[in-house]
Each structure stands twice: as C-alpha cells, then as structure tokens.
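Note sheet for the following structure.
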Amino acid sequence: MSLSKKMLRDIKINKTQFIAIFLMAFLGIFAYTGIYAEYYGLVQTSDGFYTDTNMADAWIYNTDFDNASLDKINGFTTQSDRQEVIQSQADMESKPDITLHFIEKGTISKFYATEGEDFNPNDDSGVWLDTRFAEARDLKIGDKITFEFDNRTITKEIRGLGYSPEYIYEVSPSSLTPDFNEMGFAYLSAKAYPEDLKYNTLLVKYDMSDKDFEAKLSSIDYLSLTKKEDQLSVSKFSDEMAQHKMIGDVFPIVFILVTFLTLLTTMNRIVAHQRTQIGILKAVGFKDSSIILHYLSYSFWPVLAGAILGLITGPMIIPQMFYPSMKTNYSMPSWNPGFDVSFIYIAGLMVVLSVLVTYLSCRRISKENPANTLRPKAPNVSSKAIIEKSRFWNRLSFNMRWNWRDARMNKFRALMAIVGVMGCVALLIAAFGMNDSMAELKSWEYDDIVHYESKLLLSSQANPMELYYVLNETNGSFIMQQSIEIKANDVEDTVTLLASNNTDLISYTDSNRNPIDIDEGDVSISTKLADKFNLAIGDEIRWHIVGEDDWVTSKIGQIHAEPISQGLIMSPDTLKDQGLNFTPTNIITDEKFGENLDSIKSVTTIDKMKESWDQMTTSVMMMVYVVTFVAGALAILVLYNLGILSFTEMEREIATLKVLGFKTNTLRKLLLTQNIIFTSIGFILGIPLGFYFMTLMMNAAGDSLYYIPTLTLGNIALSAVITFAIAIGVNLMFSDKIKDLNMVEALKDVE
Amino acid sequence: MSTIIEFKNVDKEYKSGEHILKAMDNVNFTIDKGEFVVILGPSGAGKSTLLNLLGGLDSVTSGQIIVNGNHVESFNDNQLTEYRAKNVGFIFQFYNLIPNLTAIENVELMKDIVDVDIDGLSVLDSVGLGNHADQFPAQLSGGEQQRVSIARAVAKQPTMLLCDEPTGALDSKTGVLILNLLQDMSNNRNTTVIIVTHNAILAEAADKVIRIKNGQIESIAVNENPMKVTDLDW
C-alpha cells in the first residue's frame, strides 16, 4: 500500500522519464501497428472484396464458348459463367471508352452495387455502371445511357452503380493514372445484347492447382487464358500491396527495435538509480518479492498504457493518411484498416520484455546484501587503453579525455545512443532517399525522355483523313502503345509495347540516362525486364498484343532503360517485320492542339502527365512524411532519454566540477561533446543502413518502375541537420539543469 | 597576522512553505591567513551552512562575507564560479573525485580552471601518493582517495582549504594521517585550513576554534600553543 504511494510519488518526481517511457512504448507500437494496419487493410479489404464478389480464378478467351465446349470445361471447374466483353464508346462528350460485359448468370466476378439495385441477369433494359465513371460524368440511377460498338447502338437505363473486382485498377496503357472521365465499365444482362450473342470470355472457378488446370485445359480449344494473379487489376494491386508490405517490413521493425532497446536501457537505469532505496527497503524488512513487484510496476504501467494507446490509435490514424491517395488510383467499395493478432503480440512482448528487464536488474540488486546496497555501486574499474598511455593522450583536453573515459566506462549507454541515432538516421535516409529516387525517376522520364508537349489519344474508330490532318497541323508523330504479353525462359509478364519512328519528341536512354538510338530492325527490351527474364542481346522472346491472337517470336537487338514503363520498343517498320500491323494509338506533338475532333479522344499535356505522376506517387510520399516524422520523434525521445539518464548519473560529478570552479558553459560543452560524438558515429553508420533499407524498398516498388536508388548530398545534409538539431536541442534542455543544479544538495548525500 | 576572512552579521534563512528555518543567526568572526581553524558543533548547528556560504555554494540572506577584501555576498553566479576556482579548495567527506579520471588527472584537472602550472606528480608526491598517480579512484582506498582530493584542492594554490568532515568516512588511523596532512599544509605552506567536524578532540590542535550551536556562535577560542594532530589522544 505504502509502496504504491511511493511509486506514484516516484512517477511524479521523475515524470519526464516516465512520460518518455510511455511515449516510447506508444510511438513504437503506434508506428508498427499503424503501418501494418494500412497494409493488412489493403490485403483484407481486397481479399474480402474478391470473396464477396466471387472473383474468377481464371478468364478463358475464345471467339465463342458454345454449350458443347462449356460442358467440357465444366467437367473440371467448380463454377463457370460466360460473358461477352466488348469495347464501346458512350455517346457523350469526348466518347469515353466503356468496356461492356454482357453476362449470362452473374455468379462470378459479381458486380458490387453500392447504389440502386443488385445486378439482375434477366433485366434486358438496365445497365450497371462503374460508379467512378458515373461520379466523373455526374450520372444517376434512372439516367439513360447509349453505347456504340461495332456499328450498333444500344440505350439502357442505369439500374445500379458500383464496383467490380476486375476493375480495382483501371487505366489505359498510355497513361499512368486512371482518368475516370474517359473510361469505365458496365455490366449488362446477356439478354440486353441486341442480337444473338456469342460469348468470348468464360470466367471459371476451380479447386486444383493452376498447373493442373492448365493441363486439363490443354484438351480444349481456346485462344488465351489469364489467371487471377496475371489479371492486370489484380497484379497491379498486389504490386502496390507488395510495396506497402516492404515498407511495412522495414520501418516498423526499426521503430520497434529502437524503441525496445531504449526502453530496456531506461528501465535498467531507473532501477540501478534506485539502488540505495532498494537497500533501504530491504534493510527495514521488506521481502525481496514485494520490492521486485514494486519496481516491476514502474515499467509495467507506463509501458502498458503506451502500448495500449498505440495499439488503438496506430491502426486508426496511420491508414487513414494513406487511403485517400490510394482511392484516387484504385477503386474498391470500402477501405478499412486491417487488424492482426500479431499487433497484440508485439504490444504484449514489449510489456513483457520491459518488465523482464526490470525484474532482472531488480533481482541483481536485491540479491546483494542490504549493507552493500546502501553504499553506492562501485564504479567499473578500468585499466588504461593503449591510447591512454600514449603521449597523444596527455595532449587531449579534459573534455575529450573525460568523454572518452565516460564512454568506455558506460559502454552500454554509449552503444544505445549510437544504435538509437543510427536507427533514426537510417529511417530518415531511407525516407529521403525514396523521395530523391522518385524525383530522379520523374526527371529522367519527363526531362530526358519525353520532349513532346502533348499526347493525343486517338479514337479506335478514328478517321484516317482526320488523323493525317492533325498530324500535319501539329507537326506530330504517330506512336503505338499497347499492352503485350511476353514469354521467355518460362516467365510471363504483361508489359508495354511502344512502336515509334525515330523522332526528336522521344529520346531513348541507357541506364545512365545517356541518350541512345534504337536502330531500325532492332527490337529493344527494357533493362528491368531483361533482368527479370534473364535475357541478353541475341536471345529470343515470344509475345503478342493483348486482345490479339498472333504470337510472334523476336530476337532482342538492344537493351534500353526506361524509368516508368517496362516493355519493348521498336520502329513501326520493325513491328511490320514481325508480321504485325502498326495501328497508331497516339499522336505526340510539340504543339498545342485544341480542336475538337471525333478522332481525338483526349489530349494530355506534359504538365498533366507530371500531375498524374505526382498523384501516383502520393502514397509513397505520404510514407516518406510519416517515416520522417516518426523517426524525428523517436530521435528526440532516444536522445532526450539517454541525455537525462547520463545527466542523472553524472549529476554528482557535474556538481563536484561546478564546486571546483568549472563554468556552466564548460560543463555544458562536456555533455554537448559527448552528445555530438555519439550522434556523429550513429549518423555515419546510419547512412549505409538507410541506403540498404532504401534499396530493399525500391526493389519491391512494383514491376513497371525502374528505380535507381539515389541519395543526394542535399538529403544527407538534411538528415544531418535534422539529427544534429535534435541532438543539440536536447542538449540545450539540459543546460538549464546544469545551471540550476543545487551544488549543496547534490553533494550532501551519496545517493 | 592579517585577517583574510571576515563574517559580519551573517544571517541565513531557508524557507520551506510558510516555515522559516534560521540556519545562521547574526554570525561574526574573522580568520587570519595561514590559520588552522576548527569549526565545532552538534549536527544541525549550521556548520555546513557556514562552510557553504564561505565556499560560495550558497548565498547569505543578509550580512557580509569579506574574503581578501572582496564582498562575496555581492557576487553573481559567474563571479562566484571564479571565486571558487581561485580561492577555495574543497575537501569533502566522500572525496568527490571524478571516477573517470586517474589520480594525477584529477589533480591536473585544475589546470583547466586556474592559470597555474601544475605538476600533478609532485603534488601527489607531497601527499605521499606519487606511486599511485595512474590509478583510478575506484582502485584506491578511502584514505588514498582523500589524499588525492587534498592534492587536487592544494594544487591550485587556493586562499583557503574548506574541509567538510574530511575524516567522516575513514577509520581513525587513516583520519589522523589526513588531518596531519592538513595541519602541515597550514603550518608549512601558510595555507588557511578550515575544518568542519563534530569531533571535539581536534580542538586542541587548532589555532582557532569556533563553536556554533543553533546557528549562532557559541564561543571563539584562540589556542596559543596548538598540539600536533599526531600527538592528540585519539
């Protein structure tokens, strides 16, 4: 009873220390659970969405799935559903591209209605529309909408708005971020099709391995097969999640480790500092167990409180900082932070470990006999290191000698300070490095490679006369950008094809950002892809344009480097040599084009492209801010805590020096020197560690981006400024303590 | 003999809440250069307060403390620091050596605060510790540590040595050696030595004995023929 009073008073007296412990536990758990909750949220929400909508395991494409072939496939699948998937244009301003799905049953990859009715496969006059497109175009339930395709026109009434699991990510091959004003999807009943319907797509669910399934399927005639993980939306979203996971694997672990270490040192020190009091309690007859229990509560309550608060607020706050930017790029009905039992385990582990350390240091002291405990602990006896015997040593100032010895005699404290700073610096460097590398990619793409002012997206039913008119008007150049599927060395990937004549509007580059030419007749593959497929010049690849059936084999003639889109580059003539048609998808030009023509769907300016790049990278940038903030906060806590620890330990020495006549300034410098030396060592060690973290994360940054981890001197300097400002700032907090130190009190008793 | 220390009507009050504790009540005395002074009194009498005021660790409530003609009571923090550095050599009950520094380094540390060239080894020799110069405090016995602390105090050639129960933590045999050393400092080097203690035996060795009680001077006695510390009946 009286001991708990003692604890409350101790906490009151040492409140900064206990607040620091509380904050450390809080911050560590907050960052850890918050960042993971964001990642688990993505996984759980998308998994839930896939499950709710019964997402297909694979899509089989053919010109027509008749009942006979369907029966055969049904023999080894658990579920199937036929669709006719057609590209159409909605009859409205700028003719946006809408992918129509005419659906037989609506049992697989179901439309997820958030407004209006659920999808009804028997309703021949309704349409269920992409809610993002509807928002962009201000369409409501009950509105009529007309689609044009293959010279047919159908008009339907909007019955429902919502999402589809196949369109979490929807974007055209020629742009980086979705433009919901220009594209969308719509689900309709097969009965809504104007005439006899042939199904070109079969959605299936199966309960065997992909390999077995492909083996079974080989007996069936079909054009192509896309498995779930290869589907564009699925793979793009899992790339995004992989990046978040990698960030989540690096940062929270560093946070938690730094927190653990600092927490443990602190608890150890607090108990050591209470040594004489433990002796007194023993001497007056308290049992060891009640003394230990008393000190256990010192770490238990603040760490528990901090961990619980972090556990609650981390998952609540951090994911909400990321989801808004995720929502602009991806479409899902809900975005909820995830929770995992491991959060509770980590929080529990933190509490248990701090209690354990307190227990160990407490037990060590209580094992000594009370008389011993009442005396101050004998300082570590040290022998002289070689450096201390040299002549050089005697020439060192008192400041340097004192700090050297202090570090030697308090190795653990020194180590903690260095490791703490190192962790924080590594986080800062990694965060800034990501920032740098993103900026580097942007400048590589938009300064070195892209020299055109505008990119005109051509309508698929463009009028050739109009196109040549535009080409002449703008002095532009045709390019073709298509998604292609590529196979080599048993690896498959969906990438981008760019067919373009040599033009001043696009420069190709090598990995050093130097301009290169792609020669006539050469098929050039991007470095990142060549690495992934393990290909060299002269090797062969097989590929086809997505949606077309002709596979071609090409020999790699060159390798180029491209920061933001991976794939093949060749000239239109080379494309024709491969037996494929050059069908321009865009016109690029250095001039502005403002005319409103049916053949031109949209015009994207370079500024808009940069904007969409920025939009695409917001979530990474958000991560950079969060990490910078938490690393900074952690650095303050680590340094303040270690500062206050060493100050309490050295209080008597400092008081003595002050009594002897040392000036406050000299003493302040003494502590500052120590602080700066530890910080410097931590800083220097933190740079390579941070660079390593950065490389880890970059590697997981998604397949389409080719990162070169970059670290500018400016950012190293910025990290240095932040770290040292914190170190010096923390030191200033102690200056007043030195000034106000009561010499008489500090010298009075041994404690 | 010249007076170098003078307390004039010194009052010192400690306030804790509404309660006022009068630790020094109208204290007056003088000390001459080179005197070996013992301040005696029961615990709580105000001995340490007196020493702290004289040493510039604490400030008076009213009255004057004149050292070498300077008014210590009017000094600000920086002047007090300078005063301590130049005039006062402290010797504490618990030695208060810097544990991170060797014996000789503890002594030569004084070079950093006063403009005196200090040969640490010869100072340590003078307290009989020349052969322990490179040891750390933790490697020395209590008596040896106290001798290092005396060496540290005299190295800067202060106006006075202020010793607060310098033998309090030592056995009596070692204590005598320490006190003898301090008496020698006074006799041979003409250093003013002021010792605070509750051990009345030491009074016979002092040039001047100041007895205090309840914050007031009880008596001031001058010994015409002080005994040698080693001759006292311990």
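Order of the sequence lines sets the chain letters (A, B, ...), proteins ahead of strands, with each chain counted from 1.
- Residues A/Thr664 and B/Thr81 fail the side-chain proximity criterion, which asks for heavy atoms closer than 4.5 Å.
- For CZ of A/Arg668, the number of neighbouring non-hydrogen atoms (other residues, nucleotides, ligands) closer than 6.0 Å is greater than 12.
- Rounding to the nearest 0.5 Å places OG1 of A/Thr656 at 5.0 Å from CD1 of B/Ile98.
- Remark: B/Asn76 CG is packed, more than 12 non-hydrogen atoms of other residues, nucleotides or ligands lying under 6.0 Å away.
- Side-chain contact between B/Leu101 and A/Glu653 is absent, with no heavy-atom pair separated by less than 4.5 Å.
- Heavy atoms closer than 4.5 Å to chain A are found nowhere in B/Lys111, neither backbone nor side chain.
- No more than 12 heavy atoms of other residues, nucleotides or ligands shown are found within 6.0 angstrom of NE2 on B/His198.
- Of the listed residues (B/Lys86, B/Glu82, B/Arg152), the one with the most heavy-atom contacts under 4.5 Å to chain A is B/Arg152.
- More than 12 non-hydrogen atoms from other residues, nucleotides or ligands lie less than 6.0 angstrom from CG of B/Asp171.
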Taking it one step at a time, do B/Met110 and A/Leu660 satisfy side-chain contact (heavy atoms from CB on, under 4.5 Å)?
CA-CA 8 Å; B/Met110 295 301 110; A/Leu660 291 176; 3.6 Å; yes

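- We find the CG-CH2 distance between B/Leu109 and A/Trp402 to be 11.0 Å, quoted to the nearest 0.5 Å.
- Of the residues considered (B/Leu80, B/Asp164, B/Asp77, B/Asn52), B/Asn52 shows the highest number of contacts with chain A, using heavy-atom pairs under 4.5 Å.
- When all heavy atoms of A/Arg401 and B/Glu105 are compared, the pair lying nearest together is NH1-CG, 3.7 Å.
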